[in-house]
K.L.:
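So that we are looking at the same thing, I have put the structure below in structure tokens.
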2 protein chains.
Amino acid sequence: MSRAYVHGYDRRANERLHDQAASLVELLHWDTSFPAGSRVLEAGCGVGAQTVTLARNSPDALITSIDLSEASLAQATRDTEAAGLTNVQFLQADIFHLPYDAAAFDHVFVCFVLEHLARPIDALEALKTVLKPGGTITVIEGDHGSTYFYPDSDAAHEAIRCQVELQRAAGGNAMIGREVYPLLTAAGFNDVRVSPRMVYVDSSKPALVEGFTKKTFTAMIEGVREAALEAGIVDPGVFDRGIRDLYATAASNGVFCYTFFKGVACRRG
Amino acid sequence: MSRAYVHGYDRRANERLHDQAASLVELLHWDTSFPAGSRVLEAGCGVGAQTVTLARNSPDALITSIDLSEASLAQATRDTEAAGLTNVQFLQADIFHLPYDAAAFDHVFVCFVLEHLARPIDALEALKTVLKPGGTITVIEGDHGSTYFYPDSDAAHEAIRCQVELQRAAGGNAMIGREVYPLLTAAGFNDVRVSPRMVYVDSSKPALVEGFTKKTFTAMIEGVREAALEAGIVDPGVFDRGIRDLYATAASNGVFCYTFFKGVACRRG
């Protein structure tokens, strides 16, 4: 293939990436930290899966983590307290009806949230109103359409399609990762920089084979079996063969690929 | 998603990758250079698209570049001479009938070649015989199944499928990139390390939009139009819509992703 310039690659975000990434958490989060005293809104914290990392990486920032679910917030509160973190406040709140003044935050952080929303641009615009001019937003999303593997398998792609279709039926988008750049741009953010975070797994990486291919991705797809059969969107034999084939990509000659996308953008005006 | 260790990521190959990659050529080749005096076989050099880079990156290595096609070798010879390179010898030869003694080379380099071979493992085994114990093999391949984009388009995937099917009909495999690890392993190489080289393109990277999305990838797919129609594997309207949709991924809100795979392995015994 011919020569093409790679200008604009997010160099700072990438140069130390693999050097520092000892875990998937680090692959996604190593380059996010906020200064002492800065006010950070984590929108859609859920059970706090990212909150502990966020708070640890920015020990002197003041983090406010919101979610719609009281039950999730209770779990997140327990986990951050158990981790000894004291720089996080939790609040039950809706991204579309934020109980904050304009420009109340220096930074906004949104991870694995837009994939569940029917109107992600509206959500980003709502978050922009509480962000001060000059502040940044950080968005991280996966993309199930970035999944490919060896041995290849039509049944495995069918099983993954079930997850994508069910999420779409619920108003979400499991292939939103590739859209982080256009979404941030459409919402009026500036200086948008997106860097892909590809997880490549072969059997020279046994911890990733177990922790990512099997226990994260395949387990997640396996988890939609009943819903997919109830929805009538797949033949049970095909689905089960798909799951078996996904586990086969974790065998000694198997390969599994998945990519997350991380975008950072600025509110100029 | 849960925590998973990224042990075994090819850190050395990645840590400076994006920092150094000013072009696609650098993305693929920056971390390949061979010591002074080492004997390097480039198998399947074609018209020398990689030979100039290879010879420049290893100015004191002795490079032997072989290909089946006399016409391609003539072009490669002209281009390396025009580039002022004097450390390359060209020879018309067949990977499956190599005119060299066992262990004649310190290193072997194979780029965009296995994708065209019906028996890639046999080719790697043949190359292993002319590699000295302790020597390395470097393999670089693309993977058309790694292609995804925004806006998504079934027609665009159909057009890409034509290229994949035509290459398969010719005995090749346009989705071989993901197989670099299992192929090198199956051929009996050791210490196999594969690193993905993902090209992520959005409109903040105009040189890549032009040089990669449009002039490299989409132009290549567009180039199989007549063959695909002759083979009767696609409706012309679908193909043309697919090409139009691929160009749409180069618009201001578009995103295009493609991944190459680079493997380095050792001949132990």
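Computed from a predicted model, the values in this text were never measured in an experiment. Below, read A as the first sequence line, B as the second, and so on, with proteins coming before strands; counting in each chain starts at 1.
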K.L.:
Taking every non-hydrogen pair under 4.5 Å, which of A:Thr147, A:Asp143, A:Asp202, A:Val192 racks up the most with chain B?
P.N.:
A:Asp202

K.L.:
Let's test your reading of the structure: which of A:Gly145, A:Ala186, A:Ser203 forms the most heavy-atom pairs below 4.5 Å with chain B?
P.N.:
A:Ser203

K.L.:
About how many Å separate CE of B:Met198 and OG of A:Ser146, when rounded to the nearest 0.5 Å?
P.N.:
7.5 Å

K.L.:
Write down the atom of A:Val194, the atom of B:Lys205, and the distance for their closest heavy-atom approach.
P.N.:
O-NZ, 4.0 Å

K.L.:
Just give me the residue among B:Tyr150, B:Tyr181, B:Phe149 that pairs up with chain A most often, heavy atom to heavy atom, under 4.5 Å.
P.N.:
B:Tyr181

K.L.:
So B:Phe261 and A:Tyr148, would you call those rings parallel, tilted or perpendicular, with 30° and 60° as cut-offs?
P.N.:
perpendicular

K.L.:
Measuring heavy-atom distances to chain B, does A:Ser252 have an atom under 4.5 Å in its side chain, in its backbone, in both, or in neither?
P.N.:
backbone

K.L.:
Answer yes or no: are there more than 12 heavy-atom neighbours, outside A:Asn190 itself, under 6.0 Å from its atom CG?
P.N.:
yes

